[in-house]
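Following: one structure in structure tokens, then a few remarks.
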Protein chains: 2
Amino acid sequence: MKYTKKDRQQLLLETLEKNPFITDEKLASTFNVSVQTIRLDRMELSIPELRERIKSVAAHNFVEEVKSLPLNEIIGEIIDIDLDKQAISILDITQDHVFARNGIARGHHLFAQANSLAVAVINDELALTRKSTITFVKPVKAGDRIIAKAVVLSRDTEKNSTLIEVTSKVENDTVFIGQFSMYRVTKS
Amino acid sequence: MKYTKKDRQQLLLETLEKNPFITDEKLASTFNVSVQTIRLDRMELSIPELRERIKSVAAHNFVEEVKSLPLNEIIGEIIDIDLDKQAISILDITQDHVFARNGIARGHHLFAQANSLAVAVINDELALTRKSTITFVKPVKAGDRIIAKAVVLSRDTEKNSTLIEVTSKVENDTVFIGQFSMYRVTKS
DNA sequence: CACCATTTTAGCACTTGGTACTAATATCAG
DNA sequence: CTGATATTAGTACCAAGTGCTAAAATGGTG
């Protein structure tokens with residue numbers, strides 16, 4: 001049974017969305033039309049040819065890969081830092097950060113931003129988290145911009161330990177509070 | 001100036017490693033040799049042609065993308081779960097998880113695994129982390145396999161609160177302990 | 001039913017970025 | 001100088017297209 005032009009084109013879009021690695025020939029046989037029809041459809045929908053589709057997937061993710069390495073080091077973007085005193089970072093919450101079920105950001109992203117910031121504010125070669133106490137004050141949703149502020153509370157030189165408090169806010173509402181006890185190997 | 005065969009092939013590998021999107025023709029002109037030489041080189045080094053290279057990047061990243069959505073939901077692989085009682089998950093630490101400087105895993109990955117597990121063990125629609133206390137007992141390195149075990153300690157039905165302790169080990173050495181106070185909307 | 005528009009199919013020349021293969025040159029080392 | 005290694009050239013062919021022309025099928029409307 002053949003679809004109408006409209007239905008077929010809709011299906012074509014969905015099919016290629018799911019799997020861009022299909023030749024016109026295979027598409028033609030799955031929709032029971034000629035290759036030329038598929039090509040007309042692609043033109044009307046301005047869908048590029050197989051090779052271009054593959055290339056764009058590859059290029060897109062190649063960029064992502066490059067981008068994810070620096071991101072791996074610090075979660076969130078640091079906008080202000082005064083070493084050993086305080087630091088501020090921003091993290092924009094997207095659909096990727098939230099639970100599908102309820103749209104609320106997963107806790108570990110807030111933790112990651114705060115922990116990254118706690119590490120960054122320490123002016124040292126080596127900084128590791130020793131202990132932390134975390135409170136998730138209020139749920140964060142996709143679209144929210146979290147501003148995290150880390151403040152160095154105290155420093156115990158003998159124990160190589162630094163106490164940092166990170167407070168994260170969304171539009172002046174506190175959403176997260178964390179105390180981090182950081183270990184450091186001080187050279188200074 | 002022309003390179004020796006060996007040098008050229010080495011450079012070829014590095015060049016394509018950095019950017020797989022180059023045709024033989026461009027390679028030939030950048031190395032000042034003929035296209036045929038490039039093709040011989042590719043054969044000797046068993047480097048596939050441009051389109052295959054692109055395809056493999058695309059395929060790889062397409063899979064990653066698909067994989068990262070479920071992964072986004074749970075960090076680590078759950079290998080055993082007894083709802084509202086206990087659960088176990090595994091996370092293999094790779095180079096991507098560690099600080100470049102010292103090779104030690106960033107704390108938020110351990111937190112993410114533990115927190116994911118705490119969420120998963122709760123047999124409910126909605127589970128959010130309210131508070132947590134975290135201790136990083138011992139540094140974890142690339143290549144380590146973290147086995148996290150979550151145990152439900154207590155449950156306060158009136159407060160919609162559940163207390164969970166997660167202990168993560170690498171080869172029987174405890175590396176991480178976390179207490180999570182979880183919020184839940186119980187229907188049962 | 002006839003007619004016209006839309007849709008679908010067919011066919012051919014041409015393009016890119018190759019493979020596979022053969023054959024002719026360079027280049028260099030002993 | 002000679003033989004081996006390296007490089008270049010050239011041809012036929014392939015996949016997955018584009019671009020174009022033209023024919024056939026289908027559909028709705030008066």
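Below, each value reflects all heavy atoms present in this structure, side chains not excepted, and no hydrogens, waters or symmetry copies. Each chain gets a letter, A, B and so on, in the order the sequences are listed, and its residues count up from 1.
- Paired with A/Gln10 under the rule side-chain hydrogen bond (donor to acceptor under 3.5 Å, both in side chains), one option of A/Glu14, A/Arg8, A/Lys6 passes, and it is A/Glu14.
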Under the side-chain contact (heavy atoms from CB on, under 4.5 Å) criterion, do B/Val121 and B/Lys85 qualify, and how do the steps go?
CA-CA 7 Å; B/Val121 77; B/Lys85 293 201 182 107; 5.9 Å; no

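- Counting only residues at least two apart or on different chains, the side chain to side chain donor-acceptor pair (under 3.5 Å) pairs with a member in residues 139-148 of chain B are B/Asp92-B/Arg145.
- Rounding to whole angstrom units, CD1 of residue B/Ile54 and C1' of D/dA16 are separated by 14 Å.
- Within residues 36-51 of chain A, the residues that place at least one heavy atom under 4.0 Å from DNA chain C are, in residue-number order, A/Gln36, A/Thr37, A/Leu40.
- In this structure, A/Ile22 places its CD1 atom 19 Å from P of D/dA15, rounding to the nearest Å.
- Residues satisfying the side chain to side chain donor-acceptor pair (under 3.5 Å) criterion with B/Ser168, sequence neighbours excluded, are absent altogether.
- When the P atom of C/dT19 is taken as reference, atom CD of B/Glu52 falls 9 Å away, rounded to whole Å.
- Residues that satisfy the side chain to side chain donor-acceptor pair (under 3.5 Å) test with B/Glu44, not counting sequence neighbours, are B/Lys5, B/Gln9.
- Backbone-only engagement by B/Val33 is indicated by non-hydrogen atom pairs under 4.0 Å involving sugar-phosphate atoms exclusively.
- Electrostatic pairing of B/Lys149 and B/Asp80 does not count as a salt bridge here, judged by no charged N lying under 4.0 Å from a carboxylate O.
- Against DNA chain D, the stretch residues 5-14 of chain A makes no heavy-atom approach under 4.0 Å.
- The side chain to side chain donor-acceptor pair (under 3.5 Å) search around A/Glu52 returns A/Lys55, not counting sequence neighbours.
- Here B/Phe136 and A/Phe180 keep their ring centres 6.0 angstrom or further from each other.
- In this structure, B/Phe31 atom CZ and D/dA6 atom P are separated by 17 Å, rounded to whole Å.
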